[in-house]
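Have a look at the structure below, then the notes.
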Amino acid sequence: MNEREKAVFGAILGEKKLKIIEWMLNNADECGFIFLKIAQICESINVSKPTVINTIKLLESKKVLIKIKNGVYKLNVI
């Protein structure tokens with residue numbers, strides 16, 4: 001994603017949510033699976049737990065992220 005796209009999406013979603021989404025994209029495997037712990041995301045990109053939880057809920061509501069089980073999600077766009 002180039003800087004212009006980041007600026008647009010950051011303005012729409014908020015910079016922290018965008019950072020979380022980028023983290024997920026960068027840490028998904030080739031099939032789109034993400035093995036995550038909320039604390040791990042918070043620590044690695046310095047965002048709060050409520051922000052991570054809200055972002056996950058937003059992505060789930062839009063069917064972009066599917067919860068397989070606790071700690072395992074699948075990006076539905078890869």
Side-chain angles (χ1 to χ4, degrees):
M1 184 179 321
N2 66 39
E3 291 306 312
R4 188 179 212 179
E5 292 167 332
K6 283 184 184 182
V8 170
F9 291 120
I12 294 168
L13 295 169
E15 294 297 322
K16 291 184 181 186
K17 284 184 176 151
L18 183 60
K19 283 175 71 173
I20 294 165
I21 293 167
E22 285 181 313
W23 185 94
M24 289 179 178
L25 290 169
N26 290 332
N27 287 281
D29 69 11
E30 63 277 349
C31 295
F33 286 98
I34 306 167
F35 303 92
L36 67 86
K37 294 188 182 202
I38 292 171
Q40 179 185 5
I41 296 174
C42 295
E43 221 174 88
S44 65
I45 57 176
N46 195 28
V47 294
S48 70
K49 185 175 179 177
T51 302
V52 174
I53 292 169
N54 288 336
T55 304
I56 288 171
K57 286 181 182 180
L58 171 68
L59 295 173
E60 287 178 315
S61 74
K62 301 296 181 185
K63 308 290 189 236
V64 173
L65 190 67
I66 299 168
K67 183 176 183 176
I68 306 300
K69 64 180 184 176
N70 285 343
V72 180
Y73 292 84
K74 183 171 188 327
L75 284 170
N76 200 28
V77 292
I78 292 180

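For the numbers below, each heavy atom of this structure counts, side chains included, while hydrogens, waters and symmetry mates do not. Values in this document were obtained by computation on a predicted structure and should not be read as measured data.
In plain terms, the two heavy atoms of Cys42 and Ser48 that are nearest each other are SG-C, 3.7 Å.
Note that CE of Met24 is 5.5 Å distant from CG of Leu59, once rounded to the nearest 0.5 Å. One finds the CG atom of Asp29 at 8.5 Å from the NZ atom of Lys74 (value rounded to the nearest 0.5 Å). Atoms OH and CD1, from Tyr73 and Ile66 in turn, are 12.0 Å apart once rounded to the nearest 0.5 Å. Note that the CG atom of Asn27 and the CG atom of Leu75 stand 10.5 Å from one another [nearest 0.5 Å]. Rounded to the nearest 0.5 Å, atoms CD (Glu5) and CG (Leu18) are 10.5 Å apart. In this structure, CD1 in Ile41 is found 6.5 Å from CD1 in Ile45, a value given to the nearest 0.5 Å.
Both Ile34 and Val77 sit in one connected hydrophobic cluster of ILVMFWY residues. Membership requires side-chain heavy atoms under 4.5 Å apart, directly or through other members. If you chain together hydrophobic residues whose side chains sit under 4.5 Å apart, Val64 and Ile68 never meet in one group.
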(request) Before giving the answer on side-chain contact (heavy atoms from CB on, under 4.5 Å), spell out for Ile21 and Phe9 the whole-Å C-alpha distance, their side-chain angles and the decisive distance to 0.1 Å. (result) CA-CA 11 Å; Ile21 293 167; Phe9 291 120; over 6 Å; no
(request) Test side-chain contact (heavy atoms from CB on, under 4.5 Å) on Thr55 and Val47 and set out the steps. (result) CA-CA 11 Å; Thr55 304; Val47 294; over 6 Å; no
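Leu13 has its side chain within reach of Leu58: a pair of non-hydrogen atoms, C-beta onward, lies under 4.5 Å apart. Leu36 is not listed as a side-chain neighbour of Val52, based on a closest heavy-atom distance of 4.5 Å or more. Side-chain atoms of Trp23 and Gln40, non-hydrogen and from C-beta on, do get closer than 4.5 Å to each other.
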